[in-house]
Amino acid sequence: MKKRQARYVRHALGMIMAAASPLPLMAQTVPASAPSTTAPADEEPILPDDEFNARLPGAGSVDDKASNSGTDSKAPLPSIDDWLDQQMPAQAGVQGSATASGTTPATAPATGAELPPATEPPVETELAQPLPALDSVTVPENVADDDSDEKTPEVRYATQLDGFGKTGLEDEFRAASALVDGKGKAETASMVQQRAQADEQLAVRLFHSEGYYDATALASLDQQQDGTLKAILSVTPGKRYKINEIVIHAPETIPPGLIRDSLTLKTGDYIVATAVEAAEANVALKLPEQGYAFARIGDRDILLDPATVTGDYTLPVEPGPRGTFRTITTSGEKQAFGADHMAVIARFDKGDLYDSRKVDDLRKALVATGLFASVAVDPVQTGEPGPDGTEYVDLHVDQEAGPARRLAGELGYGTGQGFRAEGSWTHRNLFPPEGALIASVIAGTQEQGVSGTFRRSNAGKRDKTFQAGAGVNHQKYDAYEAFTLGLNASWSRQSTPIFQKRWTYTYGGEILLSNENTTIDESGENKRLTYFIGALPVQVGYDRSNDLLNPTSGFRANLRVSPEASLQGNVSPYVRASFDLAGYYPISDSFVLAARTKIGTINGVARDDVAPSRRIYAGGGGSVRGYGYQELGPKDANNDPIGGRSVNEFAVEGRYRFGNYGVVAFVDAGQVYESQIPQFSDIRYGVGLGGRFYTNFGPFRADIAMPINRQPGESKFALYIGIGQAF
C-alpha cells in the first residue's frame with residue numbers, strides 16, 4: 001500500500017506541474033526557424049486565396065462564418081492580442097489533456113470553431129481506478145510484519161577479555177562492562193557493537209584511573225561456526241606511572257607545613273585517581289579544622305614524562321584568612337528558637353579558633369532537637385580582626401521550623417505480662433526554647449495509666465535535660481495489684497540516635513503514694529496496704545557500643561542506686577541498687593555474639609517492709625525468657641511470686657542477619673532470692689529462638705522460649721514481641 005501511494009503521488013505531481021504552465025503550448029506550435037511570411041513578387045503562391053479560405057477549419061468560407069455568427073463579413077479582422085484573449089478559455093481544457101499526455105496540437109482553432117477530436121494519451125489502468133476507502137485497504141503481509149509486536153530473534157554472543165593480566169582490574173571492569181551486563185544477549189548485532197565500543201572507552205578510563213596512561217583497548221566481533229558472535233576486548237595496559245615531584249603553590253600556614261602534611265601523597269606512589277582525590281579531599285578537610293574556614297583547593301596539574309614513566313604533581317591552594325569564632329546569627333520565616341539558645345547548644349565560645357568539626361557538631365545538635373524542617377549552618381567572612389592575628393568568623397543559621405506536635409505509639413506482648421500499648425502526644429516546643437509537654441496513656445491487659453510530663457532539653461547547658469511529671473497507674477499481676485500516684489523530677493544527660501554519648505547520667509527525686517494488695521509471707525495471707533515512698537535515684541552509664549538500638553560491637557555498663565524510705569506505720573529506709581553489663585562481639589559481618597549479666601540488691605530492710613511494687617523480680621522478655629513476667633523467685637502458698645531482695649541474671653545470644661531479616665538463638669538464666677546478696681544457686685534456664693525484622697528505627701523482635709526443667713504451674717513456652725534487641 002505504501003508503494004502504491006508513492007507511485008500515485010509522483011504521477012499526480014507531474015500532471016499538476018504541466019497544467020501550471022499553459023503558455024509553452026502556444027510556443028510549441030511555432031517551428032524553431034519560421035520562414036518569411038512575405039513571398040517574392042515573381043513567385044507564384046502555393047495555394048490561391050479562395051482555396052486557402054475554403055480549407056480553413058469549419059468547412060465554410062469566411063463570409064459564411066460571418067453570416068452564421070451575425071457579424072459583418074466586410075468588417076476588419078480583430079488584432080492578434082484580442083484573438084488570443086478570446087481563445088485562452090477555450091484552450092484550457094485542451095492544454096490540460098495535451099499536457100497530461102505530453103503532446104501539443106498542431107494549430108490553434110479560431111473563435112467558435114469546432115475542435116477536432118483529441119487523441120487520448122495512454123492511461124495506466126491502476127491510476128484510472130477510484131481510490132478505495134481506508135478501512136477497506138488490506139495491508140500486505142510484508143508491511144504488516146514491520147508494524148507487529150513480534151520480537152525479532154535475539155542475537156547471542158560471548159565475551160572474551162584479553163590483556164588484563166596481573167593488573168587486578170578485570171573484576172572491576174566486569175562489574176561495569178556493558179558486554180558483561182548484557183549477559184550474552186542483544187536485540188541486534190549493532191547493539192553488540194555499541195556495547196563493545198563503550199567497553200573500549202571504559203577500559204581506557206579504568207586503566208588511566210590506576211596510572212596506566214599509555215593503555216589502549218581494541219574491541220572486535222567474530223562470527224563463530226555455530227552462528228553466535230564473539231566480542232573480544234583486547235587491552236594493552238602499558239607501564240604504570242608514578243608520582244615524581246610534588247609541588248604545592250600556597251602561602252605559609254599556621255602551623256607550618258599544614259597543607260603538605262595533610263596531602264597524603266608521596267614520591268614513588270602510583271598515580272591512582274582515587275588516592276589523589278582522597279589526598280586533596282583531606283587537605284580540604286584539615287584546613288577548616290585548623291582555622292581556615294574559607295580554604296579553596298585549585299585544579300591539579302600532572303605533567304607526565306613517558307621517558308621516566310613518572311608525573312610531576314602540582315596543586316594550587318588558597319587557604320584564606322585564619323579565623324576565630326565570634327557570634328551566631330539566624331534567619332528564617334518560621335523559627336524554632338533564636339541565636340541565644342543556639343549559643344547554649346554550641347560547643348565553642350567567642351575567640352576560639354575556628355574548627356569545622358564544631359560547626360558540624362552544632363548542625364547535628366540542632367537536627368537532634370527535632371524542631372526543624374530544614375537547617376543549614378555556614379561560616380560568614382567578616383574581615384574584622386580577631387585575636388592572635390586571626391579574623392573573626394560568624395556562623396549564620398538558616399532555619400525553617402518543622403511540625404512541633406508528634407504522636408507516637410508502642411505495642412508489645414509478653415507471657416505473664418499480656419498486651420501492652422502505650423501512646424503519647426507531644427508538643428516539642430510549647431514553651432520555647434525546647435520546652436515540651438508530653439501526655440501519655442498506657443492501655444494493657446494488666447497495666448493501665450495516664451501521665452503528663454514537662455521536659456526542657458538543653459536546659460542551660462548542652463545535653464542537659466530537666467524533666468518533671470505526674471502520673472496515675474494501675475498494675476495487676478500475680479505478684480501484686482497496685483494503684484499508684486506519683487510525682488517526679490530529674491536532671492539527666494542521655495544518648496539519642498544522633499548523639500550516642502559515652503557517659504550518661506540521671507539524678508532526681510520521686511514521691512509515690514501506692515495502695516497495694518499483696519501476700520505478706522509464704523503463708524498466702526493477703527492484705528491491702530498503703531505505702532508512702534520517697535526516693536532519690538541516681539544512675540550512671542558508660543557506653544562503648546557502636547549503635548544505640550542495634551549494637552554489633554563494644555560494651556555497655558550501667559549502675560543504678562536509689563536510696564528510699566517507705567512509710568507504712570514505721571519509716572523503713574533502704575537502698576535499691578543494680579549493675580548491668582552487656583557486650584557485643586562480631587564473629588563476622590553477619591553474625592554477632594552478644595552476652596549480658598545483671599546483679600541487684602535491696603539492702604537495709606526486711607522484704608515484707610518493702611512495697612511489693614518496689615521489690616525485685618525476674619522473668620519475662622527483658623529478663624529471663626522462657627518464664628512469665630516476674631515469675632521467678634520465692635512464691636506463696638498459691639504459687640504466686642512474692643518478690644525478693646536480690647537477683648542475678650545471665651544471657652547469651654547468637655544473632656545472624658541476612659538483609660533486613662535476622663534469626664537469634666539464645667540461652668537465658670537467672671534467679672531471685674529472699675536474701676540481700678544473690679546466692680548464685682538454684683539457677684533457672686530458658687532457651688529459645690527469635691526472629692528480627694530490621695527497620696530504620698531499630699529491629700522488630702519476636703522471641704519464643706521454653707523453660708528448662710519446667711516446674712508445676714509454669715508454661716511450656718513463652719512468647720515476647722517488641723521493638724529493639726532484648727539487650
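Please read all numbers here as calculations on a predicted model, not as lab measurements. The first residue of the sequence shown is numbered 1, and numbering continues consecutively from there.
R607 is listed as a side-chain neighbour of I642, based on a closest heavy-atom distance under 4.5 Å. In this structure the side chain of L395 never reaches within 4.5 angstrom of the side chain of D378, judged on heavy atoms. Within the 4.5 Å cutoff, the side chain of R692 has no heavy atoms near those of the R657 side chain. Under the 4.5 Å side-chain criterion, counting only non-hydrogen atoms from C-beta, F666 is not in contact with R655. The shortest distance between side-chain heavy atoms of I328 and L362 falls below 4.5 Å. Counting only heavy atoms from C-beta outward, the side chains of R614 and S566 never approach each other to under 4.5 Å.
One finds no salt bridge joining R645 and D608 here, because no Lys/Arg side-chain nitrogen approaches an Asp/Glu carboxylate oxygen to under 4.0 Å. A salt bridge links D361 with R462: the distance from a Lys NZ or Arg NE/NH1/NH2 to an Asp or Glu carboxylate oxygen falls below 4.0 Å. Using a cutoff of 4.0 Å between basic side-chain nitrogens and carboxylate oxygens, K358 and D360 are not scored as salt-bridged. Salt-bridge formation is not detected for the pair R596/E653: no Lys NZ or Arg NE/NH1/NH2 atom is positioned less than 4.0 Å from an Asp or Glu carboxylate oxygen. A salt bridge does not link R428 to E434: none of the charged nitrogens lies less than 4.0 Å from a carboxylate oxygen.
Note: Y656 and F658 have tilted aromatic rings, judged against thresholds of 30 and 60 degrees for the angle between ring planes. Between F466 and W491, the ring-plane angle classifies as tilted under the 30° and 60° cut-offs.
N515 and T530 form a side-chain donor-acceptor contact under 3.5 Å, judged by distance and modelled atom types alone. Side-chain contact annotation: Q725 with N550, donor-acceptor N/O pair under 3.5 Å present. The closest side-chain donor-acceptor pair between Q399 and T330 falls under 3.5 angstrom. A donor-acceptor pair shorter than 3.5 Å cannot be found between the side chains of E447 and H474. For the 3.5 Å distance criterion, the side chains of E564 and Y574 qualify, holding a donor opposite an acceptor. Inspection of the T552 and N546 side chains reveals an N or O donor paired with an N or O acceptor under 3.5 Å. A donor-acceptor contact closer than 3.5 angstrom links the side chains of D543 and S545. Side-chain contact, S613 with E516: a donor N or O sits under 3.5 Å from an acceptor N or O. At a cut-off of 3.5 Å, with distance as the only test, no side-chain donor of S424 or S440 sits close to an acceptor on the other residue. Between the side chains of S681 and Q671, no donor-acceptor pair of N or O atoms lies under 3.5 Å.
The number of heavy-atom neighbours closer than 6.0 Å to OH of Y685, taken from other residues, nucleotides and ligands shown, is 12 or below. Other residues, nucleotides and ligands place more than 12 heavy atoms under 6.0 Å from the CZ atom of R420. For F700, the CZ atom counts as densely surrounded, since its 6.0 Å shell holds more than 12 non-hydrogen atoms of other residues, nucleotides or ligands. No more than 12 heavy atoms of other residues, nucleotides or ligands sit less than 6.0 Å from atom NZ of K476. Within a 6.0 Å radius of OH in Y585, no more than 12 heavy atoms belonging to other residues, nucleotides or ligands are found. In the displayed structure, F717 atom CZ is contacted under 6.0 Å by at most 12 heavy atoms of other residues, nucleotides or ligands.
Side-chain rings of F337 and F372 approach one another, their centers coming within less than 6.0 Å. Ring pair Y584/F555: centre-to-centre distance not below 6.0 Å. In summary, the aromatic rings of F693 and Y661 are positioned with their centroids under 6.0 Å apart. The distance between the ring centers of F348 and Y354 does not fall below 6.0 angstrom.
Side chain of T597 to main chain of E649: a donor-acceptor pair is present (N/O by atom type, distance under 3.5 Å, no hydrogens or angles). Between the side chain of R684 and the backbone N or O of A669 there is no donor-acceptor pair closer than 3.5 Å. Using a distance-only test at 3.5 Å, with no hydrogens or angles considered, a donor-acceptor pair links the side chain of E631 to the main chain of G628.
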